[in-house]
Amino acid sequence: MSDLAATVRSILGRELTRAEAARQVTDALHTGGFRWVGVYEVTPTDVVNLAWSGPAGPAHPTFPID
(Lines give C-alpha, C1' and ligand atoms only; values in the text may rest on other atoms or scores of the structure.)
Protein backbone atom coordinates (compact mmCIF):
# COMPACT_ATOMS: atom_id res chain seq x y z
CA MET A 1 0.00 0.00 0.00
CA SER A 2 2.90 2.40 0.54
CA ASP A 3 3.73 2.34 -3.20
CA LEU A 4 0.15 3.30 -3.98
CA ALA A 5 0.24 6.13 -1.44
CA ALA A 6 3.51 7.37 -2.95
CA THR A 7 1.93 7.32 -6.41
CA VAL A 8 -1.04 9.36 -5.21
CA ARG A 9 1.26 11.85 -3.45
CA SER A 10 3.27 12.16 -6.67
CA ILE A 11 0.15 12.86 -8.73
CA LEU A 12 -1.08 15.47 -6.26
CA GLY A 13 2.32 17.17 -6.30
CA ARG A 14 2.17 17.81 -10.05
CA GLU A 15 0.85 20.94 -11.70
CA LEU A 16 -2.39 19.47 -13.02
CA THR A 17 -5.89 20.78 -13.29
CA ARG A 18 -8.22 19.54 -10.59
CA ALA A 19 -9.99 17.30 -13.12
CA GLU A 20 -6.71 15.83 -14.41
CA ALA A 21 -5.46 15.13 -10.89
CA ALA A 22 -8.76 13.48 -9.90
CA ARG A 23 -8.69 11.29 -13.02
CA GLN A 24 -5.08 10.23 -12.50
CA VAL A 25 -5.74 9.41 -8.83
CA THR A 26 -8.77 7.28 -9.71
CA ASP A 27 -6.77 5.46 -12.39
CA ALA A 28 -3.90 4.82 -9.96
CA LEU A 29 -6.21 3.50 -7.25
CA HIS A 30 -8.15 1.39 -9.76
CA THR A 31 -4.96 -0.38 -10.84
CA GLY A 32 -4.26 -0.96 -7.13
CA GLY A 33 -6.79 -3.80 -7.09
CA PHE A 34 -10.06 -1.95 -6.59
CA ARG A 35 -13.01 -2.74 -8.89
CA TRP A 36 -14.32 0.84 -9.00
CA VAL A 37 -12.88 4.09 -7.68
CA GLY A 38 -14.46 7.53 -7.55
CA VAL A 39 -13.31 10.92 -6.31
CA TYR A 40 -16.08 13.18 -5.06
CA GLU A 41 -16.33 16.79 -4.00
CA VAL A 42 -18.62 17.63 -1.10
CA THR A 43 -20.21 21.07 -1.42
CA PRO A 44 -22.56 22.70 1.07
CA THR A 45 -25.53 21.21 -0.81
CA ASP A 46 -24.32 18.34 -3.02
CA VAL A 47 -21.87 15.49 -3.44
CA VAL A 48 -20.42 15.64 -6.96
CA ASN A 49 -18.31 13.04 -8.76
CA LEU A 50 -15.12 14.60 -10.14
CA ALA A 51 -13.66 11.46 -11.72
CA TRP A 52 -14.10 7.70 -11.74
CA SER A 53 -12.34 4.62 -13.00
CA GLY A 54 -14.05 1.28 -13.45
CA PRO A 55 -16.42 -0.67 -15.67
CA ALA A 56 -19.17 1.99 -15.68
CA GLY A 57 -19.82 5.52 -14.54
CA PRO A 58 -21.39 6.31 -11.18
CA ALA A 59 -25.11 5.60 -10.93
CA HIS A 60 -25.57 8.95 -9.18
CA PRO A 61 -22.82 11.37 -10.24
CA THR A 62 -24.44 14.16 -8.22
CA PHE A 63 -26.70 13.82 -5.22
CA PRO A 64 -27.90 16.04 -2.38
CA ILE A 65 -25.73 16.07 0.72
CA ASP A 66 -28.71 15.23 2.89
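These numbers come from the heavy atoms of this one structure, side chains and all, not from hydrogens, waters or symmetry mates. Fair warning: this is a prediction, and the values are worked out from it, not measured in the lab.
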* Joint cluster assignment, Val37 & Val25, ILVMFWY side-chain distance < 4.5 Å -> yes

* To do: Kindly check if the number of other-residue, nucleotide or ligand heavy atoms within 6.0 Å of CZ (Arg35) is above 12?
  => no

* Give the cluster check for Trp36 versus Val8: same hydrophobic cluster or not, with ILVMFWY residues linked at side-chain heavy-atom distances below 4.5 Å. => no

* **Residue pair Arg14 / Glu20, side-chain heavy-atom distance below 4.5 Å** => no

* Asked: What is the distance from atom CH2 of Trp52 to atom OG1 of Thr26, rounded to the nearest 0.5 Å?
  -> 9.0 Å

* Asked: Does anything in residues 48-64 pair up under salt bridge (charged side-chain N to carboxylate O under 4.0 Å, His left out), and if so which pairs, sequence neighbours excluded?
  -> none

* At their closest point, which heavy atom of Leu12 faces which heavy atom of Ala21, and how far apart are they? -> CD2-CB, 4.5 Å

* In chain order, what residues pass the salt bridge (charged side-chain N to carboxylate O under 4.0 Å, His left out) check against Glu41, with sequence neighbours excluded? -> Arg18

* All pairs passing side-chain hydrogen bond (donor to acceptor under 3.5 Å, both in side chains) where residues 53-64 contributes a residue, at least two apart -> Asp27-Ser53, His30-Ser53

* **Check: Ala6 main-chain N/O paired with Ser10 side-chain donor or acceptor under 3.5 Å** => no

* Structure fact -> Rounded to the nearest 0.5 Å, the OG1 atom of Thr31 sits from the CG atom of Leu4 at a distance of 7.0 Å

* Asked: Are Val39 and Asn49 side-chain neighbours, meaning at least one heavy-atom pair lies under 4.5 Å?
  -> no

* Structure fact -> Smallest heavy-atom separation, Ala28 atom then Thr7 atom, equals CB-CG2, 3.9 Å

* Is the shortest heavy-atom distance from the side chain of Ile65 to the side chain of Thr43 under 4.5 Å? -> no

* Just how far is it from atom CD of Gln24 to atom OG1 of Thr17, taken to the nearest 0.5 Å? -> 9.0 Å

* Asked: Is there a side-chain contact between Tyr40 and Phe63 (heavy atoms, below 4.5 Å)?
  -> yes

* **Asp46 side chain to Val48 backbone, donor-acceptor under 3.5 Å** => no

